[in-house]
Structure formats: structure tokens, C-alpha cells
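Notes follow the structure.
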Amino acid sequence: MRPATCCGRTPSRWTCCVSAGSRPRPPWRGDEAGAALLEEALELWLGPALGEPGGGTSLAVAAVELEEARLAAVEELARRRLRLGQPERAVAPLRAIVTAAPHHERLVSLLMTAFFRVGRQAEALELYERTRRLLADQLGVSPGRELQATFESVLTARV
């Protein structure tokens, strides 16, 4: 069930849907309405923000800001799907984002949690190991606390 859009057909529809979808909902409405709005916003996303590079510094900054907003929307949608007990609906969008942005540890952590909750513990552990190696090889750092905590939770089946 998708609620009617509150965003209309304006140039800022994506921003409106993300903003409305990210707001906390009253307990009696749960997370479903917000998740539906976030999905609607993400369905509007068509490739790189502001097209191809080459528009100057201002456009490059705006493109980075829009990409960060998109990642935040994907993260919020995944959190809502996990709270709703729908981890299977979080796996595909998270996998696509983590493949494209493997350094985003919060997204990796959410994907590990979704994998675990759909019975794919081995994939969650493999993802952690790939991410750990990537962070060490490319950045010379270890996974942060949140990702380490998710790894330990998956190992002990407390996710």
C-alpha cells in the first residue's frame, strides 16, 4: 500500500519526498508511510547527480551534496525496512549502493544486518571481510566501531 504523494510534480519533488519520508512518524502509523515516500524519492533518481562532470566547482559541490543526500535516503529507507521486519526489501538497494560506495561503513553495516536477517549469515561475514580488507588496503584504517559491532553481532547471532 503506497500513500498518495505529498510532493506533487515540482522540480523539488525529490527533496520534498526525502524530507517527508525521513520525518519521524507517530507510533500508530509506523515506518511504512515514510518508507514509501523514500522509495518514491529514490525511484526518481536517474544516474549521476547533475549529469556528467565538467560544470565547474559549484556544480561539483552541488553534485556531491545531492549524492550524500541520496545515500542518506537509502540509509534511512533501509533502517525503516529493517524496523518493519522487511530485511528482504533492504538487501537489493543496499547491495547496489555498497557496490558503488564500499567505503560507507554505515551502509555496509545495514547490509550485513539485512543479510543476517534473511538467513544469509555467510554473506554478511564475507562482506565484512571484503570491507575490512578494502579499508586496510586503500585507506590504511580498520573498520569503525559500528561496523565492528555489527560483525560481532552477526558472529554471535544477536542482530
Side-chain angles (χ1 to χ4, degrees), residues 1-53 55 59-128 130-131 143-151 153-154 157-159:
M1 175 180 91
R2 289 179 77 97
T5 180
C6 70
C7 303
R9 296 240 180 234
T10 66
S12 61
R13 181 176 177 199
W14 186 84
T15 303
C16 177
C17 287
V18 169
S19 177
S22 296
R23 280 190 218 116
R25 300 279 174 210
W28 62 89
R29 289 208 45 209
D31 286 317
E32 188 61 46
L37 285 167
L38 289 165
E39 283 178 340
E40 181 179 337
L42 291 166
E43 287 170 2
L44 296 171
W45 196 271
L46 302 172
L50 303 178
E52 296 300 316
L59 283 179
V61 168
V64 168
E65 290 172 352
L66 284 169
E67 180 61 19
E68 288 298 321
R70 181 178 75 93
L71 292 174
V74 170
E75 180 179 342
E76 180 61 24
L77 176 58
R79 288 186 191 288
R80 287 176 186 258
R81 288 294 174 214
L82 290 172
R83 281 195 303 263
L84 286 163
Q86 301 169 343
E88 67 285 351
R89 294 185 68 186
V91 169
L94 282 171
R95 177 181 273 170
I97 292 295
V98 167
T99 299
H103 296 102
H104 286 268
E105 292 185 49
R106 283 192 315 253
L107 296 170
V108 172
S109 180
L110 287 167
L111 181 53
M112 287 176 62
T113 301
F115 274 151
F116 181 84
R117 291 185 184 172
V118 296
R120 294 160 62 180
Q121 182 177 15
E123 285 180 78
L125 296 172
E126 289 169 4
L127 175 60
Y128 176 83
R130 271 195 317 274
T131 303
R145 287 185 190 149
E146 181 181 348
L147 189 52
Q148 288 178 4
T150 301
F151 172 68
S153 294
V154 168
R158 293 180 292 132
V159 179

From [X] [atom1] over to [Y] [atom2], what is the distance, rounded to the nearest 0.5 angstrom?
X	Y	atom1	atom2	value
L107	M112	CG	CE	13.0 Å
L147	R106	CG	CZ	12.0 Å
L94	T99	CG	OG1	10.5 Å

Expected output: side-chain Q86 to main-chain R81 donor-acceptor under 3.5 Å: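 Answer holds: no.
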Taking side chain to side chain contact (heavy atoms under 4.5 Å, CB included) as the test, write out the residues that go with E65, two or more places apart.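 Listed in chain order: V61.
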Got a sec, which residues hit side chain to side chain contact (heavy atoms under 4.5 Å, CB included) with R83, two or more places apart in sequence or on another chain?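 Checked R83 against side chain to side chain contact (heavy atoms under 4.5 Å, CB included); matches are D31, E76, R79, R80.
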Go through the steps for R70 and I97 under the test side chain to side chain contact (heavy atoms under 4.5 Å, CB included), then give the verdict. CA-CA 10 Å; R70 181 178 75 93; I97 292 295; 3.0 Å; yes
Does anything in residues 110-122 pair up under side-chain hydrogen bond (donor to acceptor under 3.5 Å, both in side chains), and if so which pairs, sequence neighbours excluded?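 Counting only pairs at least two positions apart or across chains, the side-chain hydrogen bond (donor to acceptor under 3.5 Å, both in side chains) contacts touching residues 110-122 are R120-E123.
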List in chain and number order the residues that pass side chain to side chain donor-acceptor pair (under 3.5 Å) with E105, two or more places apart in sequence or in another chain; answer none if no residue qualifies.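 By the side chain to side chain donor-acceptor pair (under 3.5 Å) rule, E105 matches no residue at all.
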With sequence neighbours excluded, what pairs up with E68 under the salt bridge (Lys or Arg N to Asp or Glu O under 4.0 Å) test?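 Counting only residues at least two positions away or on another chain, E68 forms no salt bridge (Lys or Arg N to Asp or Glu O under 4.0 Å).
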Pairs involving residues 72-128, ordered by first then second residue, that meet ring pair (Phe, Tyr, Trp, His ring centres under 6.0 Å) (sequence neighbours left out):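 Every pair satisfying ring pair (Phe, Tyr, Trp, His ring centres under 6.0 Å) with a residue in residues 72-128: Y128-F151.
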So which atom in P102 and which in T131 form the shortest heavy-atom distance, rounded to 0.1 Å?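 Looking at all heavy atoms of both residues, the closest pair is O-CG2, 4.0 Å.
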